[in-house]
S.K.: 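One structure, as structure tokens, below. Some questions next.
Because the structure is a prediction, the values reported are computed rather than measured. Proteins come first, then strands; the chains are lettered A, B, ... in the order of their sequence lines, and each starts at number 1.
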Amino acid sequence: MFDGMLDKDLVSWNSIISGCVSNGLPLNGVELFAEMCSSGVNLDLATLVSVLPACSEMSFIKMGQTIHGYSVKVYGNKEITLVNALIDMYSKCGNLGSAKILFERMEDRSIVSWTSMISGYTRNGWFEEAMGLFEMMELEGISPDLYAITSVLHACACNGSFDQGKRMHDFVARNGLESNISVVNSLMHVYAKCGDMEAARMVFDCANKKDIISWNTMIGGFSKNCLPNEALELFIKMQCHSRPNRVTMACVLPAVASLSSLDKGREMHAQILRAEDLSDLHVSNALVDMYAKCGALSFARKIFDRIIDKDLISWTVMIAGYGMHGHGREAINAFKEMRCQGIEPDGACFISILYSCSHSGLIDEGWRFFNIMKHEYKIEPTVQHYACMVDLLSRAGRLTKAYNFITSMPIKPDSAIWESLLRACRIHRDVKLAERVAEHVFELEPENTSYYVLLANLYAEVEKWEALKKIREKISRHGKQKHRGCSWIELRNKVHVFASGSKLHPRSEKIGSFLEDVRKRMKEEGYFGQNKFILKDRNDYLKEDVLCGHSEMQAIAFGILNSSKGKPVRVTKNLTVCGDCHEVIKFMSKMVSREITLRDSERFHQFREGRCSCRGSWGAELKKNQGLYQDADSFGISLGTQGNMARRK
DNA sequence: CAAAGTTTAG
């Protein structure tokens, strides 16, 4: 209609420009604005205010500045709406300084000015300032509206400010604003970000109206807070009310990944393929990560290859995927290729490459990347980077070096760092250092018995019975275990969960007799009582027999007993597999001629013909198996994780 | 014909 008009006046132009800009066509809006300028029609306030949001959306900061200059000349910074639009433009283009100057020099500010500035601060990472500004606004006697409330709630969420969020919640309740979906969604987001999913759920359940954002916020919250089953449950429930969109898929896929549920993952993937509008870069990246963590590295690579505009996240998940499967060389190649494509790594990307090096025993390469990161990219290492380096040294048996490295760190080491050294001390039977290390972890986490158990096992292995007795007394005194061991296996679309030490599963009798059989055969082949392996007959000092007490043993036995001969068995565990179980699983893979894949909280272990793809993170086979699994890709589908990914509540 | 807010991947 606009094109067909013979007489276009100011309002015609303003209408079409504003129409474009507010309907996702910012470039058309800008082009029409340029046309309008050269057509000789005079501009007015509405023209400028309409076109400015298009500048911010397109990041046309030069154009925004030009408009700013023109508006000073014509309106002298006296028009509040215009200055508001300029503030918003500057903050969205990343120039918070200019936005701040404009805001501070305003004589009269409307609620929109305050809100624009509050979200400007939040957008640029100044969360405390955003919340402070909200308070100042209230002090000036301006009562917040829905926009101001959602903006400050967003700042609370980003900052993880629970108390502030709760105060806002009270305010919302007092003023009867709980019927507004945006406010409710923002509140849920605050609680989810602060880790209080119960509070988020309360808000969600009480809301009389829910939109797609409400569902996505809850599903994403469950995913991020290690409640993957709740996330999946809600995802199913949601589909009775509204259709998932791309954001939904990006929210739910990490839940699938943390459960290592390949069946569910493929279901989701199929759902994405069926609906044409369910995929974007976020979703593709989440798919690559999901497949890697479900053990299907070749699928992950296929999806990865099909991504046209790979970004830093795409590369990072692919590198981490290679790392958790022990393909360090491939990880390094991917890193190199990424740099060739002109993509700059960030701190998180370096974590995945360092992690890959440490899990593949690539010591020199690991150090090289660590130095490149510090000196070439000027990235200050965080506790996670240091943890990778300690892990690298520990696995290589350079225990003293690792100890000195930790004590010379410029930041305070956390318990995970000490733990990896403590594990290494056990493998290399270094009691003296282990005791020094243990003191640090006991101090940091006195309640966590798993460290005491670790030390106890070491004492048992070197036959220090007196020390063992003492540490066992300590264990019973400190009582509760922080993370109870549990493993799960997916068979015919059903998940079977096994907890350590329990014999509750209906098939537990059969599992027990199978494991008894394994034990007998191992005995016959001389696995006990020799120093050849870590495993010893230790009924005399361990409450639970390794063979049937540890959950992964039960899950693997269950898998072998309930699937056809020769089929691979895939199990996921929430903690790290112990050295003894690791030996037993190797034996089992040979005994029943099966490929066994175990994803623990650290990585994938692929057992085949009596060997494991981890190339001996477990010391005993450190040299023996070096380089054996260069081509582990040929395994096809296996099971993966980084850090606490596999933890399950 | 005009300004501000809520959900997503490592």
S.K.: Would you indicate which nucleotide in B/dA2, B/dG5, B/dG10 comes nearest to any side-chain atom of A/Ser182?
M.R.: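 Of B/dA2, B/dG5, B/dG10, B/dG5 is nearest to the side chain of A/Ser182.
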S.K.: For a quick check of understanding: with a heavy-atom distance under 4.0 Å over all strands, which category does A/Asp9 fall into, base, sugar-phosphate or nothing?
M.R.: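 Nothing, no nucleic acid heavy atom in range.
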S.K.: What does A/Ser110 touch in the nucleic acid at a heavy-atom separation under 4.0 angstrom: a base, only the sugar-phosphate, or nothing?
M.R.: base
S.K.: Aromatic ring centroids of A/His269 and A/Phe299 under 6.0 Å?
M.R.: no
S.K.: A/Val112 has a side chain; which of B/dA9, B/dT8, B/dA4 sits nearest to it?
M.R.: B/dA4
S.K.: Closest to the A/Thr150 side chain: B/dC1, B/dA3, B/dT6?
M.R.: B/dT6
S.K.: Rounded to whole angstroms, how far apart are CG on A/Asp145 and C1' on B/dG5?
M.R.: 9 Å
S.K.: Mind calculating the distance between CE (A/Met36) and P (B/dC1) to the nearest angstrom?
M.R.: 14 Å
S.K.: Could you check A/Arg123 against A/Asp88 for salt bridge (Lys or Arg N to Asp or Glu O under 4.0 Å), going step by step and ending with a plain yes or no?
M.R.: CA-CA 11 Å; A/Arg123 196 162 20 239; A/Asp88 193 55; 3.6 Å; yes
S.K.: Taking atom types as modelled and ignoring hydrogens, do the side chains of A/Thr47 and A/Asn14 form a donor-acceptor contact shorter than 3.5 angstrom?
M.R.: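 Result is yes, a qualifying pair exists.
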S.K.: Can you classify the ring geometry of A/Tyr355 versus A/His359 as parallel (below 30°), tilted (30 to 60°) or perpendicular (above 60°)?
M.R.: tilted
S.K.: Counting heavy atoms from C-beta on, name the nucleotide in B/dA9, B/dT8, B/dC1 closest to the side chain of A/Ser15.
M.R.: B/dC1
S.K.: Among the candidates B/dT8, B/dC1, B/dT7, find the nucleotide nearest to the side-chain atoms of A/Ala250.
M.R.: B/dT8
S.K.: Would you please determine if the base of B/dA4 is stacked by A/Tyr147, with stacking meaning a centroid separation under 5.5 angstrom and planes under 30 degrees?
M.R.: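 A/Tyr147 ring centre within cut-off of B/dA4 base, planes near parallel; stacks.
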S.K.: Less than 4.0 angstrom between a side-chain N/O of A/Ser18 and OP1 or OP2 of B/dA2, yes or no?
M.R.: yes
S.K.: Distance check needed: B/dA3 P versus A/Lys78 NZ, whole Å only.
M.R.: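 Answer to the nearest Å: 23 Å.
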S.K.: Respond yes when some side-chain nitrogen or oxygen of A/His154 is under 4.0 Å from OP1 or OP2 of B/dT6, and no when none is.
M.R.: yes
S.K.: Which is true for A/Ser186 with a 4.0 Å heavy-atom rule: it touches a base, it touches only sugar-phosphate, or it touches nothing?
M.R.: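 Contact class for A/Ser186: sugar-phosphate only.
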S.K.: Any base atoms under 4.0 Å from A/Arg123, or only sugar-phosphate, or nothing? Heavy atoms, all strands.
M.R.: sugar-phosphate
S.K.: Provide, to the nearest angstrom, the distance between the CG atom belonging to A/Leu153 and the C1' atom belonging to B/dA4.
M.R.: 15 Å
S.K.: Could you check how far CG of A/Leu45 sits from P of B/dA2, rounded to whole Å?
M.R.: 12 Å
S.K.: Which pair of heavy atoms, one from A/Ser314 and one from A/Phe304, lies closest together, and at what distance?
M.R.: O-CE1, 3.4 Å
S.K.: Any chance the side chains of A/Glu128 and A/Gln164 put a donor and an acceptor closer than 3.5 Å?
M.R.: no
S.K.: Expressed in angstrom and rounded to an integer, what is the separation of A/Leu253 atom CG from B/dT8 atom P?
M.R.: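 That distance rounds to 14 Å.
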S.K.: Please check the phosphate of B/dT6 (OP1 and OP2 only) for any side-chain N or O of A/His189 closer than 4.0 Å.
M.R.: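 Checking B/dT6 against A/His189, no side-chain N or O comes under 4.0 Å of OP1 or OP2.
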S.K.: Figure out the CZ/P separation between A/Phe33 and B/dC1, and round it to whole Å.
M.R.: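 The distance from CZ of A/Phe33 to P of B/dC1 comes to 19 Å, rounded to the nearest Å.
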S.K.: When you measure from the side chain of A/Asn185, which nucleotide among B/dG5, B/dT6, B/dA9 comes out closest?
M.R.: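 The answer is B/dT6.
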S.K.: At 4.0 Å (heavy atoms only), tell me whether A/Leu312 reaches a base, stays on the sugar-phosphate, or touches nothing.
M.R.: base
S.K.: What is the nucleic acid contact for A/Asp311, judged by heavy atoms within less than 4.0 Å: base, sugar-phosphate only, or nothing?
M.R.: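 If one applies the 4.0 Å heavy-atom cut-off, A/Asp311 turns out to touch a base.
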S.K.: Looking for any heavy atom pair under 4.0 Å, which part of the strands does A/Asn245 touch: base, sugar-phosphate only, or nothing?
M.R.: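 Nothing, no heavy atom under 4.0 Å.
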S.K.: Any chance the rings of A/Phe134 and A/Trp114 have centres within less than 6.0 Å?
M.R.: no
S.K.: Picking from B/dT6, B/dA3, B/dC1, which would you name as closest to the side chain of A/Ile213?
M.R.: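 Of B/dT6, B/dA3, B/dC1, B/dT6 is nearest to the side chain of A/Ile213.
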S.K.: Could you check how far CE of A/Met218 sits from P of B/dT8, rounded to whole Å?
M.R.: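 Distance, rounded to whole Å: 13 Å.
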S.K.: Please determine whether any donor N or O and acceptor N or O are separated by less than 3.5 Å between the side chain of A/Thr316 and the base of B/dG10.
M.R.: yes
S.K.: Hey, does A/Lys224 reach any base, or is it just sugar-phosphate, or nothing, if we go heavy atoms under 4.0 Å?
M.R.: sugar-phosphate
